[in-house]
Amino acid sequence: MSDEPLKPYPWQAAIWHELVRRHRADRLPHALLLTGPQGIGKRSLAAALAQALLCEQPEEEGTACGRCRGCTLYAAGSHPDFLMLEPLEEGKSITVDRVRGVVAFQGLKGQYGNRRVAIVSPADRLNVNAANALLKTLEEPTADMLLLLCSSRPSALLPTIRSRCQQVPLPPATPEQAGEWLQNRVEEPGAAADLLAMSGGAPLAALELASGEQLMVRESVIEALQALSEQRELPLAVAEQWFKGGAEPVLRWLSSCLTDLIRLRSAPHSARLSNPDLRGRLQPLAEQVDLGALYRLLDRTQQGVRQVQHQVNAQLVLEEIVITWARYFRALCR
Ligand SMILES: [Zn+2]
């Protein structure tokens with residue numbers, strides 16, 4: 001099994017090179033505080049560094065190989081020498097009981113090598129008790145453990161924490177780097193400049209904005225699938241509504257939902273979904289259509305994406321797909 005290894009973003013090339021150089025010279029301190037505006041990839045760089053340090057055969061540029069035992073465990077979220085400390089819910093605090101996990105982790109020996117890594121992100125979300133508990137690990141560092149703290153608001157950290165970490169300000173992307181990166185990741189490349197403007201030039205923040213719109217499209221897709229399955233909506237009305245919202249994004253989300261339905265149908269409890277937050281709504285749908293029908297719908301939908309890209313009448317494509325879908329549900333209700 002192999003997973004794409006984590007890599008620094010293009011605008012992080014120089015700082016990455018520097019961190020790798022220091023690691024190879026055995027000159028990384030025991031705690032780094034990665035700072036910089038929101039949405040430039042601090043946490044992602046920390047994760048790439050963590051994986052690289054736990055990799056057994058890193059690449060020449062210092063990134064993880066993505067194939068070794070260390071990388072496989074890391075990608076599966078089960079590397080015993082790695083710990084991720086983050087709020088349980090976005091926007092919430094990191095509490096002291098979670099930090100105790102880091103303290104305990106620090107007391108262990110590395111299981112697969114001589115390096116252990118813990119990430120705290122966002123570090124400014126540590127509440128007072130949690131911050132004080134974390135101080136203990138910073139005051140009594142162990143040689144083989146690297147602590148990576150990420151924060152866009154380092155001034156909100158306890159001064160005693162700040163002073164025990166080496167601060168690494170991460171560079172923002174240049175407008176060219178941000179634009180090029182974003183254009184390859186949004187449905188409408190022409191919107192990249194606007195999105196970047198709205199997010200202060202931070203590429204990841206811009207991408208998230210884009211996906212906010214995308215999430216509305218996704219919501220209209222899942223909502224319609226539920227309505228069709230309960231026969232609350234007529235297929236042609238659904239097709240018309242989807243057509244108005246733009247056929248291609250709708251078909252892509254439909255394809256994504258179908259892939260998840262196939263996963264749920266195949267392994268209801270262990271399936272790793274592309275839309276994990278929709279699990280509760282997808283599960284009942286998965287139970288209503290058999291696997292063969294789901295595969296046929298997926299084929300048809302992916303073909304539909306290619307058709308609308310090639311100017312085939314998008315409304316007709318959508319109508320045909322929605323009618324097929326509705327027929328599978330009706331067959332079930334007979
Ligand atoms: Zn590896």
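Note that ligands are numbered from 1 as they come in the structure, with each ligand's atoms numbered from 1 the same way.
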Exactly one of Gln106, Arg116, His30 clears side chain to side chain donor-acceptor pair (under 3.5 Å) with Asp144, and that residue is Arg116

Closer than 2.8 Å to the Zn ion (ligand 1) - protein N, O or S atoms, ordered by chain and residue number
Cys55 SG, Cys65 SG, Cys68 SG, Cys71 SG

Do side-chain atoms of Thr259 reach the backbone of Ser255 as a donor and acceptor pair under 3.5 angstrom?
yes

Please check this pair: side chain of Arg153 against backbone of Pro122, looking for a donor-acceptor N/O pair closer than 3.5 Å.
no

Arg162 side chain to Leu157 main-chain N or O, any donor-acceptor pair under 3.5 Å?
yes

For a quick check under 3.5 Å, do Arg306 and Gln303 share a side-chain donor-acceptor pair by atom type?
no

Tell me if a side-chain donor or acceptor on Glu140 pairs with a main-chain N or O of Thr137 at a distance below 3.5 Å.
no

